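Everything on this sheet refers to the single structure shown next.
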Number of protein chains: 2
Amino acid sequence: MENLDRFDCRILHALQRDARLTLAALAEAVNLSPSQCSRRIARLEESGVIRGHGLRLDPEALGLKVTAFIFLSVDKGRMACPREAVAELLTRDEVIDCHAITGNHDFILKVMVEDLADLSNFLSTAVTSLPGIRDIATQVAMNTLKVGGPLKVMA
Amino acid sequence: MENLDRFDCRILHALQRDARLTLAALAEAVNLSPSQCSRRIARLEESGVIRGHGLRLDPEALGLKVTAFIFLSVDKGRMACPREAVAELLTRDEVIDCHAITGNHDFILKVMVEDLADLSNFLSTAVTSLPGIRDIATQVAMNTLKVGGPLKVMA
DNA sequence: GCAGTCTGCGCAATAATTTTGCATTATCGA
DNA sequence: TCGATAATGCAAAATTATTGCGCAGACTGC
């Protein structure tokens, strides 16, 4: 919650790119002792800046060959509680991201599925059947140029 | 590259949710010995299924209060090489994701910035100034419901 | 300006975790 | 069924992370 100093930023910068850096390697990269790196990481986790550790997987290797964006509009009134309007969808593991957005549609979803048949299936079983859906538009990704880029860490 | 068996899938399932699980804890979760988990993880990295390890950070804590989607069209002909058309953008660390998509626009970008002033600044310095841009549309996220959800691991 | 306190630091010892050698068991193809 | 290959668990070894401690710089209140 407090400010991040130069060392915190360097640590986050390095760990975002490779979270499995050894404390010794990290220490060298950020110019601090391993023990202090350890303590700072612990503090960053404690304070919630670091929320967790994840894996970067190869979607193809998992058979997820199709990425698509689904734009969704719901009945007026349902947007009083956006999370509730799409709660069902958030639990599906085809849904990677979900945001409420400005513009013609209410939500944008990023989904990853095996193939177009799966996409079609997901749309009909999970999306179309949602209560209060007003409009759906789908755009398929033909090419993935960048995914999950590291967040900009300032100062 | 080869098929993932039941244990590989369980391991990926568990590690996606918490990549810092101890081998002992993982072993218990997937019903395998720690040593075997270690070996299978090594193999998954070797074969490219696991591409790396990352951090889940709190964007707010980093001062990234605005997430936006930018839809981009470029001059016909530039889409012969999509990556080249937006190469400049991919290097910017405001750009989290970038896909070439079907539909009216050629690309969708997810960007994260400090505030709307920053967004405006990014648009004018990084996007508008790109050569061959035909159209830009921006939609701001008002609410983030799900981000970076774990990938579905089958069988 | 000065004591007192607090915070951050590196070193070294300790604790925890990961990796590997090895003997055994399971699996698959012929 | 047999032989070869691959997978497994255990235990030892190696690597890595954590913590206690003394020290130094910064800030506070007087």
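Keep in mind that what you see is a predicted model, and the values were worked out from it rather than measured. Letters A, B, ... are given to chains in the order of the sequence lines, protein chains preceding strands, and every chain is numbered from 1. Note that these values count all heavy atoms, side chains included, but never hydrogens, waters or copies made by symmetry.
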Within residues 11-27 of chain B, those residues having any heavy atom closer than 4.0 Å to DNA chain D are none
### Query
If only atom types and distance count, is the side chain of B/Ser38 paired as donor or acceptor with the main-chain N or O of B/Pro34 below 3.5 Å?
no
Sorted by number, residues from residues 32-42 of chain B placing a heavy atom under 4.0 Å from DNA chain C are B/Ser35, B/Ser38, B/Arg39
Nearest-angstrom distance from the residue atom [atom1] of [X] to [atom2] of [N]:
X       : N      : atom1 : atom2 : result
A/Arg43 : D/dT19 : CZ    : C1'   : 16 Å
A/Arg6  : C/dC9  : CZ    : P     : 10 Å
B/Asn3  : C/dC28 : CG    : P     : 13 Å
A/Asp5  : D/dA26 : CG    : P     : 14 Å
A/Leu44 : C/dG8  : CG    : P     : 12 Å

| said: Grouping I, L, V, M, F, W and Y whenever their side-chain heavy atoms are under 4.5 Å apart, do A/Ile96 and A/Val127 come out in a common cluster? | reply: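 The answer is no; the residues belong to distinct hydrophobic clusters.
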Between B/Val66 and B/Glu114, is any pair of side-chain heavy atoms under 4.5 Å apart?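 They are not in side-chain contact.
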Using the rule given for side-chain contact (heavy atoms from CB on, under 4.5 Å), can you reason through B/Leu55 versus A/Leu151, listing the C-alpha separation, both sets of side-chain angles and the distance that settles it, and then say yes or no? CA-CA 10 Å; B/Leu55 243 44; A/Leu151 267 41; over 6 Å; no
So with a 6.0 Å cut-off around NE2 of A/His13, is the heavy-atom count from everything else above 12? no
With a 6.0 Å cut-off (strictly less than), is the heavy-atom count around CG of A/Asp5, excluding the residue itself, greater than 12? yes
**Q.** Carboxylate-amine/guanidinium proximity below 4.0 Å for B/Asp106 and B/Arg78
**A.**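 Salt bridge absent between B/Asp106 and B/Arg78.
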Any pair with a residue in [range] that passes salt bridge (Lys or Arg N to Asp or Glu O under 4.0 Å), sequence neighbours left out, goes on the list, sorted by first then second residue, please.
range                       : result
residues 60-75 of chain B   : none
residues 14-29 of chain B   : A/Glu45-B/Arg20
residues 142-155 of chain A : A/Lys152-B/Glu94

Secondary structure of DNA chain D per the Watson-Crick/G-U criterion (both distances under 3.5 Å; [ ] crossing, | other strand, . unpaired) is ||||||||||||||||||||||||||||||
Self-check item: Interatomic distance, B/Leu15 atom CG to B/Leu26 atom CG [nearest 0.5 angstrom]
Solution: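 Going from the CG atom of B/Leu15 to the CG atom of B/Leu26 covers 5.0 Å.
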